[in-house]
Amino acid sequence: MRYKRVASWAVPLLILSALAYIFGYSNLLQVKSISFSGSANQAQIQSAINNEKFNLKVGSKLARVNVRGAERAISNIGWVKKVVISRNWFTGKVFITVEPRTAIAQVIGSGGTSLIDASGFFYSDPEAAGTLPRIQIASQNQAQEAAKFIAGIPSELLARMSNLNLDAKNGYLMALSSPNLTINWGDSKNLAIKVKIYERLIALPENKSISQLDLSDPKFPIVKK
């Protein structure tokens, strides 16, 4: 009976110890390969995880890979919107899947050029093309103001925007293409109301060929041919 009682706890303990050794110390479960998907900029991702504390390299123990830490490091890269790191315990493969941000414009200011996505997030991306629409700001202090404005503009307008100027008084002048249209939004106050007025005016048949729209005073919008 005594041996049975000892075996009842000793056997599970031995199994757990064996599993702990296999997962944490044995060479059986090592990182065999690391693959990237979602972005061609692998060098920057690799640089972000090139830290001993992450144990994320070929030959490392799979169980010791600091997945959460590596994900946080990659998330700190400005152009990365989302990252997921997964391990395959059978093949030893580590998969790093990155979802990059989508820039809708370049922001040109005294501090240099940065990119902005539709949510109003500013970031830099060395791989980004220079053909994006430009947002010209009078000072770098206006960057967050521009971000809030962008976040409040419908995607349909952002897709057609060719240029946006923010003057020293926080007034916005937007140039659209297809068809060509210049919109003076004034400041960002009552932006949601101004957007609704724009949508109503542009839907009128007589406004199909307008070239200028002044919404700086939403109570008295001005339409010009």
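Residue indices begin at 1 and follow the sequence shown.
Of the possible polar contacts, none joining the Asn207 side chain to the Ile210 backbone as a donor-acceptor pair under 3.5 Å is found. Put simply, the side chain of Ser47 never gets that close to the backbone of Ala43: no donor and acceptor are under 3.5 Å apart. At distances below 3.5 Å, at least one donor-acceptor pair connects side-chain atoms of Asp167 with backbone N or O atoms of Asn170. The backbone N or O of Ile85 sits less than 3.5 Å from a side-chain atom of Glu71, completing a donor-acceptor pair. When atom types are taken as modelled, the side chain of Thr182 and the backbone of Ala175 share no donor-acceptor pair closer than 3.5 angstrom. Remark: side-chain polar atoms of Tyr123 are paired, donor with acceptor, to backbone N or O of Ala103 under 3.5 angstrom. Without hydrogens or angle criteria, Arg101 side chain to Gly78 main chain gives a donor-acceptor distance under 3.5 Å. A donor-acceptor pair under 3.5 Å links the side-chain atoms of Asn66 to the main chain of Gly69, judged by distance alone. The main-chain N or O of Leu62 is found under 3.5 Å from a side-chain atom of Arg87 such that the two form a donor-acceptor pair. Ser177 places a side-chain N or O within 3.5 Å of a backbone atom of Arg160 that can act as its donor or acceptor partner.
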Run the side chain to side chain contact (heavy atoms under 4.5 Å, CB included) test on Ile74 and Ile49 for me, step by step, so that the C-alpha distance in whole Å, both residues' side-chain angles and the decisive distance to 0.1 Å come before the verdict. CA-CA 7 Å; Ile74 297 173; Ile49 60 175; 3.7 Å; yes
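Looking at Ser60 and Gln30, their side chains never bring a donor and an acceptor atom within 3.5 Å of each other. Ser216 and Asp214 share a side-chain donor-acceptor pair at under 3.5 Å.
Counting only residues at least two apart or in different chains, salt bridge (Lys or Arg N to Asp or Glu O under 4.0 Å) contacts with residues 183-196 comprise Asp187-Lys194. Listed by first and then second residue, the salt bridge (Lys or Arg N to Asp or Glu O under 4.0 Å) pairs involving residues 42-53 are Glu52-Lys57 (not counting sequence neighbours).
Side-chain contact check for Glu145 versus Ser188: some heavy-atom pair is nearer than 4.5 Å.
Follow the hydrophobic side-chain contacts under 4.5 Å out from Trp89 and you reach Ile34 in the same cluster.
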